[in-house]
Amino acid sequence: MSGTMQSRENVALEIRGLRIDVAESGADIVDEVDLTIRRGEVLGLVGESGSGKTTIGLAVLGHARRGVAIHGGTVRIGDRDLNGLDAKELRSVRGKLVSYVPQDPGTALNPALRIGKQILEVLETHGFGANQAEREARVVEVLSEVMLPGVPEFLRRYPHQLSGGQQQRVGLAMAFACRPAVIVLDEPTTGLDVSTQTHVLQTIRDLAARHGVAALYVTHDLAVVATLADQVAVMYAGRVVEQGSTADIFANPAHPYTRYLVAAAPEMDGDRQMVGLVGRAPSPGKRPVGCAFALRCELATEECVAEFPGVTDVGTDRPHQVRCVHAFGVPDRTALRVASTARVVRESEVALSIRHVDAGYSGTNVVHDVSFDIQRGECVALVGESGSGKSTLSRSIGGLHREWTGEIVLDGAPLEKSSRNRPVAQRLSIQYVFQNPYSSLHPRRSVADSIARPLAIAGVDARDAAIEVDRMLERVSLSSAYGSRYPDQLSGGERQRVAIARALVSKPHMLICDEVTSALDVLVQAAIIELLVDLQRDLGLAMLFVTHNLPLVRSIAQRVAVMSDGKIVELGDTAETLQHPREEYTKRLLADTPVIPTFSNN
Amino acid sequence: MAGAPYWGASATAASSTFMGIFKLIVRRVLLGVVTLLVVSFAVFALTNLLGDPVHRMLGRGALPEVVKAKRAELGLDRPFFTRYFEWLKGLMTGDPGNSFSNGSPVMDIVGDRIKNSLFLMFVASMVSIPLSLFIGARAALRRDKTFDRVTSNQMLIFAAMPEFVVGAFLTVLLATNVWHVFPATSRIRPGQPPWSDWKGVILPAITLTLAVTPHVSRTMRAAMIEVLESDYVEMARLKGLPERAVLWRHAFPNAVGPTLQVIALNIAYLAGGVVVVESLFNYRGIGIALRDAIPVANAPIVQFIAMFIATIYVVCNLLADLGAILVTPRLRTRLQ
Amino acid sequence: MSAEKPAGVWRSSLRLWRTRIGIALVLLLVGVAIVGPWVAKFSPSEFAGTPNTRHVPGTWLGTDYLGQDVVSRFLHGGRSILWMASVSTLLGFVFGAAIGLIAAYNRGRLDDVLMRGMDILLAFPQLLLALVALTTIGPEPWLIITIVAFTTMPRIARITRGAAVPVVERDFIGAAEALGESRFRIITKELLPNVTGPLLVEANLRLTYSIATIAGLGFLGFAAEVNAADWGQMVQENRTALTVAPWGTLLPAFAIALLTVGTGLIADGVSRTVAGVDRGRPDA
Ligand code: SF4
């Protein structure tokens, strides 16, 4: 839907009217997609899981997964329309003219082939260079471009002998090997630690700019897009609902959905609460004729549901296109952000005290001499990269990990290592919420039964328990009708609410939240954080909030403990620590964490 | 700092895992040896329960002195454990003892039969392994298409029916009532190689092939489907590789690993399955030897055949483990 | 939104034609085995006419090698196979599943010991030991059942453990542990309900093999009751007379084939259902 007015010069990728269907039912996965990327430009394609962004990314290579069919439209690279090519022609284009960087290089690299061979075979297939010697030289060259050593010893490695960051660099090398015109990157930094992510993003930006490659960067992470992309396209339920320059999208989000997205993104500075949004996007086959966002939109009117809104350009000097009936009627995004309510008054009473804890696996320690307290009514965030030992520590407190020494004291009484050896009252007063709500609920047990289980252990009789369960469901903003449902009938956010209800039903003093939002989309994440903040305040809970997501900490914790290599390197007031970190490690972590920069509101 | 080369240092500590994988192999071998020892004891104890062969040989009216002499001659008068350990020692030094019925060395009687049975197993494996790899791979590629549906239903039926029923149907179909192309029974004469009556090998071989092919092809199909749906096969396609390279370089090698285990299990199964099939077709192998030896309590023969089958099983499993290590770089690189 | 319990694997598998055909076949043969002895014209060892004759007055499909009525023996010959196969499978299933679940949940040393034990059992030349034991002790039903149960158990244990290990790793098990639930309760209430699918498949497969094994023992001359009719034994007895009196072999062979194919079809139907069942993953 972009730029007929603009010069077509330098356009590397042009998508027009792309529609992709579920092959069997013909339901649209994405429809009416128009995108344009120029040489050397990065377009960030943003959307929640299920919005169809990966489907579009693959369609740029003329590929549709099993059960999915490209229905119509054009995908033009240079002077070729990929949708008009047969299988053989497509093969000659893939990897050469347009290439792909997968989400998880750990599974996308062939475990049985040496990485040198995996890069070389792209060059061989497409007849790069005049002879084998040139191709081998190119392998070394492209490896150095992605900052990997091109030495034989490295080329002979298998994927499993590389770190996650190295694997992703090999993925990049494969993609850049033939010097393509267009490159599709599908959330290439998802599984990586922030420092590695920063390096990989830097490499992507440099290579795209240096070689004039047009990059389509598919992601759910607004902060990454804000730092990397020149243009942004926002997807909702299979349509591009807003696109424009990165500055415009972040400074003046025009579509209500985008506005929510921006408002839900955690921020490192400022003292605003994140705002979430309930509900979920309709899936293919269940989409309305009108605006798919109408059910969740506060501005929705009759007009919105009558037919799908057309394109409105709200840009002043450059295109900024929105598919919303009330595109001009959207208030400033900051209005959505609620100033954080007065924080909980921290009581001086200690709820949990961790003293000289070492923990590890079969003799190897991953947590070294950790000591800190959590007051009643206080939330302490435990932040660290993967392998920092934060999970081991939290699992030790929860009684799930037994190999530790030292002392953990809850309400004045020391905790046994295994939860099974702890007295019932103690077990119930320390509760754990897990990272992945798709795995933490018994799939064959109803929601009510799952929530009622701690009460049964506490010896509450069934009738009182049922009342309590209903009350708890209301408390986490699910109606009591949810009680009879089963986990597979719930969305990720709803499941996490159930898990929280189960944790809180026994009125614990201490709640451990282990990466509870990392499996969720950003709007859902914000809503869960809102809920946790409310609950913590109302119930006076002590909370340990474990996360790798530094900006998130700002919205929930009063104090933050930064963990690295099994040690607490810094512990202090959240705002203070994030703004004026004392330790080198914290400074580096903060520097590597992508944040949405302030875009001037022109 | 972003400009500095990113020389990752992880995963280079491969040499320390060398001992791990070496230990693994030693452990597997030891486990195999322990298994064989347990089996040998069970076999020896059970065959001793078969009853006293002396009475059967000499008849009920035999004089006690004669019986005693015979028992001494066969070594049956010594304590159980002495005999067990002697037998075990014999087995390991290649002397499994002498037949009770005529005193000739077990190897003279069974050697031939083992060759015949091994030949039958060899023929069945040589047909069924490539066949089932082919069927499995093709069914995975043509998933839910006609070839897949037809073969998977056929395989299901063959997998369910016992060999002797399949063999009986084959006999009706190919050897007696319907057509008469192959003999219903095999006639290998003593001292002759099994291929001297090659027509007689065909029906037993087909029966065994039909017993084994479904399992291997099903495993291959499942492994292949998993591999075809993997990210790296999608990636190979997105790199523009020709379909040939996608299948043979990227998919097939990764599907064979998991299938090896099942192939080994099935070869081991063949070693047991021959007993029934040989009996059905009167094929002169260990099955027939066993059938003749059990009723007369000819323990040395039964013991030797039992140990033969158990050994095949253990060796096949060991080879499958080693094979899996060889075709899986994740395991193999630790060996270097 | 419906608030039904996710339909059990078994019930959803009934939607597949292969499962229904399988059940029909099994019911048919179970019916024959149960009702057969009452409707049979002759007793199993009654002389009906000239041996090995295709057309004998008073018989449908002729006589066998001893001049007994083929149809009557067929009607009598299913019971022993069916009940012994069912009981031995059930025994092997119960012990195997228990061992598999315990191994999967406890991991570590207990897992090692249990599963290595199962491996050793698997390495036994079982058919052979069965032959020796049956020759020594005699073809007693309890012995046949024990032997077949012992061949079933390690396989069920392996499958159960394999299916349970990924479940053990899911967080709801951790949630139950954090609540301090007992091991027994975790194994029976948290673990077991989540492996029923693969277990059901394996149970049906094992039943198929138990039937085949017991019929095979009959074929090798180890039917539980020597003079009574037994489908496996009938194939053995009459196969030399295939050309003149084929039904003595064919009728029991068909019975065994249909029965095993029936249980095989059920196993396949269930396994297809299990493969398609929602694993609780979000659609990407
Ligand atoms: S079109 Fe209407 S419903 Fe859709 S986003 Fe705009 S205002 Fe909301």
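All chains are named by letter (A, B, ...) in the order of the sequence lines, taking the proteins before the strands, and each is independently numbered beginning at 1.
At a 4.5 Å heavy-atom cutoff, C:Leu121 makes no contact with chain B through either its backbone or its side chain. For a residue to count as touching a neighbouring chain, one of its non-hydrogen atoms must lie under 4.5 Å from one of that chain's; by this rule C:Val235 touches chain B with the side chain only. Proximity to chain C (any heavy atom under 4.5 Å) is restricted, for B:Phe169, to the side chain, taken from C-beta onward.
Here the CG atom belonging to C:Asp119 is positioned 8.5 Å from the CZ atom belonging to B:Arg28, to the nearest 0.5 angstrom. Remark: C:Leu258 CG to B:Met161 CE distance equals 9.0 Å, nearest 0.5 Å. In this structure, CG on B:Leu265 lies 8.0 Å from CZ on C:Arg155, to the nearest 0.5 angstrom.
Judged as a side chain to side chain donor-acceptor pair (under 3.5 Å), and not counting sequence neighbours, B:Gln154 has no contacts. In this structure, the ring-ring contact (aromatic ring centres under 6.0 Å, His included) partners of C:Phe74, at least two apart in sequence or on a different chain, are C:Trp231.
Between C:Phe219 and B:Phe164, the ring planes lie parallel to each other; the angle is under 30°, not in the 30° to 60° tilted range.
For the pair B:Leu156 and C:Arg18, the minimum side-chain heavy-atom distance is below 4.5 Å. The shortest side-chain heavy-atom distance between B:Pro162 and C:Ile256 falls under the 4.5 Å cut-off.
No more than 12 heavy atoms of other residues, nucleotides or ligands shown are found within 6.0 angstrom of CZ on B:Arg27. Within a 6.0 Å radius of OH in C:Tyr209, more than 12 heavy atoms belonging to other residues, nucleotides or ligands are found.
Taking B:Asn153, B:Val34, B:Leu36, B:Ile312 one by one and counting their heavy-atom pairs under 4.5 Å with chain C, the maximum is reached by B:Asn153. Between chain C and the options B:Thr185, B:Leu31, B:Leu280, heavy-atom pairs under 4.5 Å are most frequent for B:Leu280.
When all heavy atoms are compared, the tightest approach of C:Leu220 to B:Ser279 is CD2-OG, 3.9 Å. The minimum heavy-atom distance linking C:Ala253 with B:Val165 is given by the pair O-CG1, 3.5 Å.
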